[in-house]
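In what follows, a structure is listed as structure tokens, so that the remarks can point back to it.
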Amino acid sequence: MAAKKKPGFEQQLEKLEELVEGLENGDLALEEGVERYREGVDLLKSLNQTLADAEHKVEELTATLRAELKELEQNGDDLDLD
Amino acid sequence: MAAKKKPGFEQQLEKLEELVEGLENGDLALEEGVERYREGVDLLKSLNQTLADAEHKVEELTATLRAELKELEQNGDDLDLD
Amino acid sequence: MAAKKKPGFEQQLEKLEELVEGLENGDLALEEGVERYREGVDLLKSLNQTLADAEHKVEELTATLRAELKELEQNGDDLDLD
Amino acid sequence: MAAKKKPGFEQQLEKLEELVEGLENGDLALEEGVERYREGVDLLKSLNQTLADAEHKVEELTATLRAELKELEQNGDDLDLD
Amino acid sequence: MAAKKKPGFEQQLEKLEELVEGLENGDLALEEGVERYREGVDLLKSLNQTLADAEHKVEELTATLRAELKELEQNGDDLDLD
Amino acid sequence: MAAKKKPGFEQQLEKLEELVEGLENGDLALEEGVERYREGVDLLKSLNQTLADAEHKVEELTATLRAELKELEQNGDDLDLD
Amino acid sequence: MSDRERAPEGRRILNVSGLLEAGRSVLESEIGPVWVEAEVFEYRGPHRGSGHRYFKLRDDNASMSAILWRGVADRALSSELRDGQKVLVRGSFDIYAARGTLSFVLDRVEDRGTGNLAQRFEEMKRKLQMEGLFDPERKLVIPERVHQVVLITGADSAAEADVLHVFQKQPNPVHVLVRHARVQGEGAVPDLLAALKEAASISPDLILLSRGGGSMEDLWAFNEEALVRAVAACEIPIISAVGHEVDFSLCDFAADERAITPTAAAQRIVAPWVEGIEQIQVLGKRLSRCAGQLTLEARSALRHQADLVGVMRRFLREKKARFERGMQSFTAQHPAQRLERQALRLRHAEQRLMAGVEGRLHMGRVRLQRQARGLASASPKTAIGLHKAGLSKASARLNAGNPEGLLNRGYALVKVEGQDGFLRDSKAAPEGTAIHIQLAKGDLRARVE
């Protein structure tokens with residue numbers, strides 16, 4: 001549902017890295033630097049969101065997984081009774 | 001009766017193992033990793049489901065056969081009942 | 001929105017530097033000297049404004065960024081509880 | 001707005017100095033001397049006005065510059081707070 | 001405005017000098033001597049007037065100049081505050 | 001205007017002296033002597049008048065001259081005060 | 001032993017070889033050579049290379065590796081051992097150090113004999129064996145994990161209970177279809193044959209043919225040729241679990257696999273499922289461990305890039321510094337000095353201008369004064385004075401020559417009234433002539449008498 005053509009987390013991260021490097025080199029014009037900063041902030045926001053979403057999803061999945069494992073363990077306990 | 005066209009338990013298990021190994025190698029992009037994780041959890045659920053499905057299922061073969069025969073009769077009148 | 005054809009910060013700064021060189025050479029007529037001084041002051045004003053605008057924009061963005069970073073760190077801590 | 005074809009300050013000053021030399025040489029008829037003096041006074045008036053105007057303009061500009069510098073310092077403080 | 005065909009101060013002065021020399025030589029008839037004397041006095045009067053006029057004009061010009069300078073200096077005092 | 005046909009002072013004086021010499025020689029008839037004498041007296045009167053007139057004029061002119069000189073010197077003093 | 005010296009705390013530390021050596025010596029001293037009654041299991045005959053026999057010995061509950069060295073076998077065996085054969089053996093434990101495996105090494109082998117039925121059993125077995133009915137190539141592969149199994153067993157039998165107990169106790173998705181059949185006595189074989197047919201008709205993954213233990217007579221139905229052949233011919237894989245571990249039936253040989261007991265058979269089916277569950281659990285745990293890792297790396301990577309604020313601050317600071325440098329050099333160029341210089345030049349010109357004009361005026365005045373004084377001194381007053389003196393002298397001389405001076409001495413001048421010239425002859429003045437007499441002082445008018 002989420003991202004079809006949206007660049008992935010790593011791609012965005014690389015873009016952010018490039019951006020930071022560009023800013024560190026200092027050859028940028030002031031206005032360009034500010035624009036890059038804005039892009040960087042947007043990227044970071046987007047990355048943060050992506051990460052939070054991923055974490056949320058992972059948490060949900062982990063909850064499901066735990067439940068499944070618990071169920072399995074109960075079965076496993078039955079096993080141990082033998 | 002249960003899983004005929006559904007990928008077999010072994011296949012699913014193998015797939016899960018591959019998936020876990022892939023995740024453990026850790027070279028995956030975040031979204032891919034989460035997706036794999038989801039697949040893993042789904043697989044685990046499915047496996048668990050497979051296990052849970054037929055549990056304690058004991059039937060009389062005679063009854064089963066009768067039921068099948070009945071079904072056969074209904075479906076194919078042409079068929080010899082003998 | 002602001003500057004379309006307005007010369008960039010660096011261009012203005014270079015212009016200012018040229019101006020200073022011209023003033024240092026000192027061969028200027030009185031009126032020209034004053035005119036240059038006026039241009040210099042105008043440039044300084046404009047540069048100052050540009051810089052202030054940039055700083056303002058950066059501050060705003062930084063506030064956003066800080067919020068994101070805070071979230072980034074807090075979320076990470078939540079994750080550590082796992 | 002100011003001087004388009006009006007001779008510049010330096011040119012006027014040179015003219016005045018030539019005039020003074022003529023007066024100092026003393027070969028001039030009395031009436032001519034007085035006439036030159038009148039011209040000299042006119043030139044002086046004009047030069048003084050020009051100089052005063054320039055000073056006034058420079059003062060104004062300097063005031064503007066000071067204000068900008070003050071603002072800049074304040075902004076600079078803001079920046080350091082970051 | 002002043003003297004168009006009127007002989008200049010120096011010319012009159014020379015005439016006066018000639019006149020005085022003529023008088024000093026003393027070969028003149030009584031009436032001629034008196035006449036010359038009269039002419040000399042007239043010339044002197046005229047010269048004196050011319051000189052006084054010139055001085056007056058110069059004084060006026062100087063006064064104007066001084067007033068102007070004073071005014072400018074008051075403005076100029078503001079500059080010294082810099 | 002002055003003396004065109006009127007004999008000058010010096011000429012009259014010479015005539016007077018001639019007349020006096022003629023009288024002094026004494027060769028003249030009484031009537032002639034008286035006549036000469038009368039002429040002499042007339043001449044003397046005329047000469048006296050002429051001389052008095054000249055003296056008067058010169059005095060007047062000298063007064064004017066003095067006034068001018070005074071003025072000239074006073075102005076000169078003013079000048080020196082400068 | 002020397003290890004002890006390296007362990008000052010008194011801990012005894014062994015290496016693996018040492019431990020195994022210790023184990024071996026304990027086994028040797030504590031157990032030594034013993035007699036064991038057991039069933040041969042997984043017997044494969046002489047090893048192709050060495051001629052030694054490697055197999056297993058077992059009872060109902062346990063099994064162990066056994067080795068019969070070639071030399072011992074040659075001496076102790078009249079014929080090759082076979083699976084299921086009950087034997088009395090003597091031997092002792094040995095540890096194969098390279099693998100750490102424990103083996104029972106035999107030095108004596110004695111067969112535990114069989115009865116009358118055994119004779120028939122052996123004949124039938126030999127016959128069917130000759131036909132190749134028991135050939136391993138004929139055997140069907142038992143599926144790794146069985147989903148559906150048909151259990152053919154006696155109604156309310158211990159075997160059924162045992163099997164179902166296993167299925168119920170352990171988690172598995174196996175669908176068990178039970179087909180009760182008579183398993184001994186009259187009609188047992190046809191019923192079993194019918195059961196086989198029915199079972200095969202629904203194509204399960206596996207058929208489990210099971211019966212509890214009993215005497216050879218009790219179990220004999222499972223040695224009947226018809227059933228044995230049907231079992232061998234069945235297209236569905238069959239596991240045979242007839243009797244106890246010591247009890248062999250020909251069905252066992254004909255089946256695709258033999259289980260020593262019904263319980264063992266059930267476990268054989270369930271075990272892969274249990275293993276599967278364990279596998280799933282392990283994988284599940286590994287999976288959940290990956291979960292944290294997944295976002296952790298992303299987060300740390302993101303945090304690593306999070307110094308954007310600092311970078312931007314440095315960026316801005318540099319810009320600002322350059323601006324400030326420019327500004328300082330500009331403010332150093334304040335035009336005040338320039339203006340002052342110009343003002344100075346102007347003041348100088350001004351002073352010179354004023355001094356110039358005053359000098360000019362002064363010069364005119366001085367010249368004029370000189371001429372005025374010259375004029376004053378050249379005034380014609382002196383000349384007038386001189387003329388005055390000359391005139392007064394002339395006046396004196398004139399007076400001296402005045403003919404009227406005679407009158408003072410008493411002379412008188414007489415004129416005929418109205419005639420010029422003095423009267424020098426009285427004749428010229430008859431009586432009555434009016435005459436004019438001029439005296440030194442005053443005139444007289446008279447008439448000649």
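Lettering follows sequence order; numbering is per chain, from 1.
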Checklist line | Residue among F/E10, F/E60, F/K57 with most heavy-atom pairs under 4.5 Å to chain E | finding: F/E10
Next item on the list: For each of E/R38, E/K45, E/E35, E/E32, tally heavy-atom pairs with chain F at distances under 4.5 Å, and name the one with the top tally.
Entry: E/K45
Checklist line | Heavy-atom side-chain proximity of F/E68 to E/Q49 below 4.5 angstrom | finding: no
Note to self: For the CG atom of E/N48 and the NZ atom of F/K70, what is their distance to the nearest 0.5 Å?
What the structure shows: 13.5 Å
Notebook entry, point to check: Picking from F/D53, F/L69, F/L65, which has the most non-hydrogen pairs under 4.5 angstrom with chain E?
Noted result: F/L65
Note to self: Please find the pair of heavy atoms, one from E/Y37 and one from F/T62, that lie closest to each other, and give the distance.
What the structure shows: OH-OG1, 2.8 Å
Item checked: E/L51 vs F/L72, side chain to side chain contact (heavy atoms under 4.5 Å, CB included): CA-CA, chis, key distance, verdict -> CA-CA 9 Å; E/L51 189 62; F/L72 193 59; 4.0 Å; yes
